[in-house]
Asks: 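Dropping the structure in here first, questions after.
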Amino acid sequence: MRYSRLLAPTIKETPAEAEVVSHKLMLRAGMIRKVAAGIYTYLPLGLRVIQKVSQIVREEMNGAGAQEILMPVVVPAELWRESGRWDLYGKELLRLKDRHDRDFCFGPTHEEVVTDVVRKEVRSYRQLPVNLYQIQTKFRDERRPRFGLMRGREFIMKDAYSFHRDEADAEREYGVMVETYKRIFARCGLTFRAVEADTGAIGGSFSHEFMVLAETGEDEIASCNSCDYAANVEKAESRHHGLPVGWGAAASASPGEPSREAARPVESVPTPGKKSVEEVSGLLGVDPRRLIKTLIVVADGAPAAVLIRGDHDLNEVKLSRALGCQAVALADAAVTERVTGAPVGFAGPVGLSGVRIVADRLVEGMVNAVAGGNAADTHLVNVNPGRDFAVSLYADLNRVRAGDRCPRCESGALRIDRGIEVGHVFKLGAKYSEAMGATFLDEDGKERPFVMGCYGIGVGRTAAAAIEQNNDADGIVWPLPLAPFSVLVLPLNVRHEASRTAAEDIYRGLLGGGVEAAIDDRDERAGVKFKDADLIGIPLRVVVGEKGLAEGMVEIKERRTGTVHRVPRDEAIPRVVSMI
RNA sequence: CGGGGCGUAGCGCAGCCUGGUAGCGCACACGGUUCGGGACCGUGGGGUCGAAGGUUCAAAUCCUUUCGCCCCGACCA
């Protein structure tokens, strides 16, 4: 590619709309341009990167035995009604009508379509398993698109769906996909982790997310420093031993003996103006672990009280899963006061009526705890679960923190990192096949629903994540496999005949050798070309200058390290080839 | 969806409070000088001030409505 013909409109100033580095740099490097909120045009450089990611995905998926197909973007509502998701999916599903007033949607995911294909075309267990994937533009009408390609409304995704005769084979394929994904992200040159994830609205039995580690990630992931346990914080557990604090020095993360402390009678104590755990524990001189924190929440419209040990935080995702409800939110002051009969800050489980009380499993063993008194400026001490109040449900509701003990191994502690979700694999089971009557005949001639799996990769998001992880003050530092070009030949002065000719020769030689090369043949000052080259982030740069050329030399510079290799011009091509 | 903010040249912004001929930097075009890290000088083109309505002799500026975009939160295969 000749830069003089390339539409790569780089900009010096950062557009105001960009918040994260990948978005800023994609705009500045002339890779993408916004058309509407969360909707972008991919300019030539951006598209080349997308194609690089796609090609890696394609090769690895094909290598794993999957087959590429391409499904429609516009999907008739009937299919979504069959699965029940037409009514469940909500506003993220972009719905439209055709000229006959029939309902359609713009596919945000394609379980229904692919299940429809397979139920029509696959009849026998002999035809299984089958894994079909596509790389396609999706649309989800996100409430709040942001961060450029990281969370767009329209985005390119690889989605794969596998169909199996039984659970065991689905699990086998799941394992194959996990390994395939690891290869894909490794080939992309990314630092990532596969973590256990919440299955969310799509349902299914278990799932893993693939997280590219980056400060700006929207997700938090907990991982063990000793074993290979890693999970999204939404789902992560820590080791409790099911105990309260073993009174004395033991911390939550340490094993302890069950408390032998004898239960004492409840007493009311004045705690004027002391609302937070810190204030109350400070006033009473007790360890925060001895407090029961009572949160009033609204779960699918109904208020409930949630009990958490004082030093812990509520994990709302775990709570909503435990309650089996769709939406959980902290209640506002009015609801809290109505439920507890007290100002915010003095809620407690004792004497609460009319609301469900759910508690973290750690609360169950607490003895002589401190809790709100459901009256202004009042707390209760020596509160004991079971004796003083009833809990309708105990569950793990604790949000893990760095330093918590690993739930899987004896010695490990958890650390928390931020990550960008670039891939997600699910075991779906028969949810869609049953809903849509997608069945096959097994060896016994018995009709059975397909057992399914689904596997997604955000292609554009992967490119963005690569930038989040690979950039410096001058711009993008592409990992070679994702770079729009491997090498840029840069004649310093195209009006200098010998430089231009030498650069053209090298450029053509590289192309002839199958190297993805570009040449900056613009009549621009050297500084401008250098700045653009750094911004765009092409891994290798061959600089052809008048002085060097006089000595028969050119320079090869590595974008990532800044290392410059001075080589004879005739050796430039083999040197470049050896470096990529 | 709740809260906050912003829409003025392609981009980044000032002007608005206190109404009176629409500005700056970058980018762009032309001329000259320059030429290994986003050059300099000069000249020039480019604006329905997001849109609609209202107040006023007069609206980018004040009022109302509306659309778009951004941020925080909630939410999110």
Asks: Enumerate all atom pairs, one protein N or O and one N or O from nucleotides 37-40 of chain B, separated by less than 3.5 Å.
Replies:
| residue | atom | partner | partner atom | Å |
| --- | --- | --- | --- | --- |
| B:rG37 | O6 | A:R541 | NH2 | 2.5 |
| B:rG37 | O6 | A:K557 | NZ | 2.8 |
| B:rG37 | N1 | A:D534 | OD2 | 2.9 |
| B:rG37 | N2 | A:D534 | OD2 | 2.0 |
| B:rG38 | O2' | A:K12 | NZ | 2.9 |
| B:rG38 | O6 | A:R28 | NH2 | 3.2 |
| B:rG38 | N1 | A:D532 | OD1 | 3.2 |
| B:rG38 | N2 | A:D532 | OD1 | 2.8 |
| B:rG38 | N2 | A:D532 | OD2 | 3.3 |

Asks: What is the distance from CD of A:E218 to C1' of B:rC71, rounded to the nearest Å?
Replies: 13 Å
Asks: Between B:rA22 and B:rG46, how far is it from one C1' atom to the other, in whole Å?
Replies: 13 Å
Asks: Please name the nucleotide paired to B:rU66 by Watson-Crick or G-U wobble geometry with both distances under 3.5 Å, or report none.
Replies: B:rG50
Asks: Using Watson-Crick or G-U wobble geometry with both distances under 3.5 Å, which nucleotide pairs with B:rC1?
Replies: B:rG73
Asks: Rounded at 0.5 Å granularity, tell me how far CG in A:N315 sits from CG in A:L397.
Replies: 8.0 Å
Asks: Can you tell me how far the OG1 atom of A:T115 sits from the CD atom of A:E112, to the nearest 0.5 Å?
Replies: 7.0 Å
Asks: Please give the distance between the P atoms of B:rC40 and B:rC35 as a whole number of Å.
Replies: 14 Å
Asks: So which atom in A:Y181 and which in A:H424 form the shortest heavy-atom distance, rounded to 0.1 Å?
Replies: CE2-N, 4.0 Å
Asks: Using atom NZ of A:K34 as one end and atom P of B:rG7 as the other, report the distance to the nearest whole Å.
Replies: 15 Å
Asks: Can you find an N or O donor on one side and an acceptor on the other, under 3.5 Å apart, linking the side chain of A:E13 with the base of B:rG25?
Replies: yes
Asks: I need the CZ-C1' distance between A:R153 and B:rC76, as an integer number of Å.
Replies: 14 Å
Asks: Could you check which nucleotide pairs with B:rG44 in any of the strands shown, counting Watson-Crick or G-U wobble with both distances under 3.5 Å?
Replies: B:rC28
Asks: Show the nearest heavy-atom pair for residues A:G537 and A:R559, with the distance to one decimal.
Replies: CA-NE, 4.0 Å
Asks: Could you please name the option among B:rG36, B:rG12, B:rC76 that lies closest to any side-chain atom of A:E92?
Replies: B:rC76
Asks: Side-chain donor or acceptor of A:E555 under 3.5 Å from a matching atom on the base of B:rG36?
Replies: yes
Asks: When the C1' atoms of B:rA9 and B:rA52 are considered, how many whole Å apart are they?
Replies: 23 Å
Asks: Check every strand shown and say whether A:E524 touches a base, only sugar-phosphate, or nothing at a heavy-atom separation below 4.0 Å.
Replies: nothing
Asks: If you find the nucleotide of RNA chain B closest to A:D159 and the one closest to A:N493, which residue's nucleotide is nearer the 5' end?
Replies: A:N493
Asks: Can you find a donor-acceptor pair, distance only, under 3.5 Å between A:R146 side chain and B:rC71 base?
Replies: no
Asks: Would you kindly give the CD1-to-C1' distance between A:I39 and B:rG68, to the nearest whole Å?
Replies: 13 Å
Asks: Could you identify the nucleotide paired to B:rU55, looking across every strand shown and requiring Watson-Crick or G-U wobble geometry with both distances under 3.5 Å?
Replies: none
Asks: Measuring from A:I476:CD1 to A:I538:CD1, what's the distance to the nearest 0.5 Å?
Replies: 10.0 Å
Asks: Expressed as a whole number of angstroms, how long is the span from A:I32:CD1 to B:rC11:P?
Replies: 15 Å
Asks: Looking at A:E558, I want to see if its CD is surrounded by more than 12 non-hydrogen atoms of other residues, nucleotides or ligands under 6.0 Å.
Replies: yes
Asks: What contact category does A:P108 fall into here, base, sugar-phosphate, or nothing, at under 4.0 angstrom with non-hydrogen atoms?
Replies: base
Asks: Take A:K293 and A:D313 through the test salt bridge (Lys or Arg N to Asp or Glu O under 4.0 Å) and record every step on the way to the result.
Replies: CA-CA 9 Å; A:K293 186 155 65 177; A:D313 292 316; 3.5 Å; yes
Asks: Which whole number of Å gives the distance between the P atom of B:rA58 and that of B:rA74?
Replies: 50 Å
Asks: Between A:F185 and A:F210, what is the ring plane arrangement, given parallel below 30°, perpendicular above 60°, and tilted in between?
Replies: tilted
Asks: Taking CG from A:D523 and C1' from B:rG36, how many angstroms apart are they, rounded to a whole number?
Replies: 15 Å
Asks: Measure CD/A:E142 against P/B:rC76 and give the value in whole Å, please.
Replies: 11 Å
Asks: Taking atom P in both B:rA60 and B:rU55, compute the distance separating them and give it to the nearest angstrom.
Replies: 16 Å
Asks: Can you figure out which of B:rC69, B:rC71, B:rU34 approaches the side chain of A:A37 most closely?
Replies: B:rC69
Asks: Distance check, C1' atoms only: B:rA27 and B:rC13, in whole angstrom units.
Replies: 14 Å
Asks: Can you check the A:L490 CG to B:rC35 P distance for me, whole Å?
Replies: 18 Å
Asks: For the C1' atoms, the ones on B:rU65 and on B:rC24, what distance do you get once it is rounded to whole angstrom?
Replies: 33 Å
Asks: Considering only the P atoms, how many Å lie between B:rC49 and B:rG7, rounded to the nearest integer?
Replies: 15 Å
Asks: If pairing requires Watson-Crick or G-U wobble contacts with both distances under 3.5 Å, which nucleotide is the partner of B:rA60?
Replies: none
Asks: Both distances under 3.5 Å, Watson-Crick or G-U wobble: report the partner of B:rU18, or none.
Replies: none
Asks: Using modelled atom types and a 3.5 Å cut-off, is there a donor and acceptor pairing between side-chain atoms of A:R28 and backbone atoms of A:I536?
Replies: no
